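To start, the structure under review is shown below, and the notes come after it.
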2 protein chains.
Amino acid sequence: MRSYGQYCSVARALDAIGDRWSLLIVRELLLRGPCRYTDLLGGLPGIATNLLADRLRELEKAGILGREQAPPPVATALFALTPRGEQLAPVMRELGRWGAPLMAEPGGDAAFRSRWLKLPVELFLSDQTPDRPPVQIELRTGDEPMTIRTGDGEVRAHPGAAEDPDLVLSGTPQLVIGVLSGRLGLGDASADGLQYDGDPGALTRVRPPAA
Amino acid sequence: MRSYGQYCSVARALDAIGDRWSLLIVRELLLRGPCRYTDLLGGLPGIATNLLADRLRELEKAGILGREQAPPPVATALFALTPRGEQLAPVMRELGRWGAPLMAEPGGDAAFRSRWLKLPVELFLSDQTPDRPPVQIELRTGDEPMTIRTGDGEVRAHPGAAEDPDLVLSGTPQLVIGVLSGRLGLGDASADGLQYDGDPGALTRVRPPAA
DNA sequence: CAGCATCCGCTTTGATACTG
DNA sequence: CAGTATCAAAGCGGATGCTG
């Protein structure tokens, strides 16, 4: 990208990460840790291969990510954020927070990856009753399942099915997010096609307090 | 901008404000409040007039800014952030924080406006000894002067000369920022061309504690 | 003069095809 | 798997011209 040519820290930040796709590449690396080229391609539906290669070069030159040699079994290169790249986490958090209300509009035919739920889940959910035994909620939204889990007063999300879920939610990303955020009641959502199995109480356990 | 087509809050945020120049327009409105078209042009050196008009339309459509009719004396339209637009302040803050280290590289022939100092000043400086009487430091960096002022334990910057400054710093933006941040000593900076007049103690009063 | 719209050459992006 | 090559389409930057 051509530089803005302004001696201002916001402009200089955008010189480094303001290119189309750049921040989404950082998002993938923040969510997934070190990734192969193909993993990135899969996590960034819509990107062209030449652009991914270009951006990886530029982000490497800017000190935001680096290439590592993967441990013996695989023999491929991995792209990983540098410490400087990981410092973009607060930017990503605020951007995700600001963008959250935009998720209420229908997904339509937008692409979706369950890992993307990690951001909103850990930003907005919290354990309302940390003294009670932890709960697990499994989310099935199309591609891979994702499990959210309370523990130490926090709520964490990680990929994979739960071994013993208190509640399983299956449906479109929009319905699942609506129910988790509290924007939709479980009844309304299931009338719209959400399936659930287990204890609905697990939901109130993690939902944000107000609204 | 073409949408990323991803059902993710970061991607949707970037759909709205990821265009070239969009966030810098928001920066200007956050720093200056409601602005005329020409004010924006002046605060965004390098932007083409058709792009500014385009972006203002798009940002208006996205609910980020609106047009107001200016009060009687002037008869022109003013562009102002909506509440939704003002919620971008945390994004701007984190972006400015992340970009701050990039300010150590020389400005070269980059454009500069003294108002842009407001962001780093209020982000990084603080009043180290709030019990003592407040101090004022006037900054002269090329265009208009800017004054920083302690009060209620905070440090605020606003445009204009100080009526009774404890210290005046004159020089390139890079030198002034270097000295304020503590990256440069006052002696080193004045060897490099920074001029100062008044009490250097005012500097240690506001400089960040560590480093 | 403030607030754009139009035109034009250049750069960036997107889609697909191809290669070590 | 991890890219490079190619090319059309879209976006950008700069200049200029129009309108109240």
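Letters A, B, ... are given to chains in the order of the sequence lines, protein chains preceding strands, and every chain is numbered from 1. Computed from a predicted structure; not experimentally measured.
For B:L41 and C:dA5, the CG to P distance is 13 Å, given to the nearest whole Å. Nucleotide D:dG3 holds its P atom 14 Å from the CG atom of A:L51, rounded to whole Å. Rounded to an integer number of Å, the gap from B:R57 CZ to C:dG3 P is 14 Å. Put simply, CD on A:E58 is 8 Å from P on C:dT13, counting in whole angstrom units. In this structure, B:D54 places its CG atom 8 Å from P of C:dA5, rounding to the nearest Å. Rounded to whole Å, atom P of D:dG3 lies 11 Å from atom CG of A:L78. Rounded to a whole Å, the CG atom of B:L52 is 16 Å from the P atom of C:dT6. To the nearest angstrom, C1' of D:dC12 lies 15 Å from CG of B:L44.
Nearer the 5' end of DNA chain D, as judged by each residue's closest nucleotide, is the contact made by A:Y37, out of B:A48 and A:Y37.
The closest donor-acceptor contact from the side chain of B:R20 to the backbone of A:M1 lies at 3.5 Å or more, if one exists at all. No donor-acceptor pair closer than 3.5 Å links the side chain of B:D143 to the backbone N or O of B:R113. Of the possible polar contacts, one joining the B:T82 side chain to the B:G63 backbone as a donor-acceptor pair under 3.5 Å is found.
Between C:dG3 and B:T76, a contact under 4.0 Å exists linking OP1 or OP2 to a side-chain N or O. Applying the 4.0 Å criterion to OP1 and OP2 of C:dG14, one finds that A:R55 has every side-chain N and O outside that range. Residue B:R20 places none of its side-chain N or O atoms closer than 4.0 Å to OP1 or OP2 of C:dT12. Taking side-chain N and O atoms only, A:W21 has a distance below 4.0 Å to OP1 or OP2 of C:dG14. The side chain of A:R67 contributes an N or O atom lying less than 4.0 Å from OP1 or OP2 of D:dG3. In terms of phosphate contacts, A:R2 brings no side-chain nitrogen or oxygen within less than 4.0 Å of OP1 or OP2 of D:dG11.
Each of C:dA15, C:dC4, C:dA17 was ranked by its minimum atom distance to the side chain of A:T49; first place goes to C:dA17.
Using a 4.0 Å heavy-atom cutoff across all strands shown, B:A53 reaches sugar-phosphate atoms only and no base atom. Backbone-only contact: A:D19 has heavy atoms under 4.0 Å from sugar-phosphate atoms and none from a base. As judged by a 4.0 angstrom heavy-atom cut-off over every strand, A:T38 is placed among residues touching the sugar-phosphate backbone only.
Under 3.5 Å, the side chain of A:N50 and the base of D:dG3 form no donor-acceptor pair of N or O atoms.
With respect to A:R57 and A:D54, a salt bridge is recorded, a charged nitrogen being found less than 4.0 Å from a carboxylate O.
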Take B:E144 and B:R115 through the salt bridge (charged side-chain N to carboxylate O under 4.0 Å, His left out) test and state the conclusion after the steps.
-> CA-CA 8 Å; B:E144 299 171 19; B:R115 295 173 200 274; 3.8 Å; yes
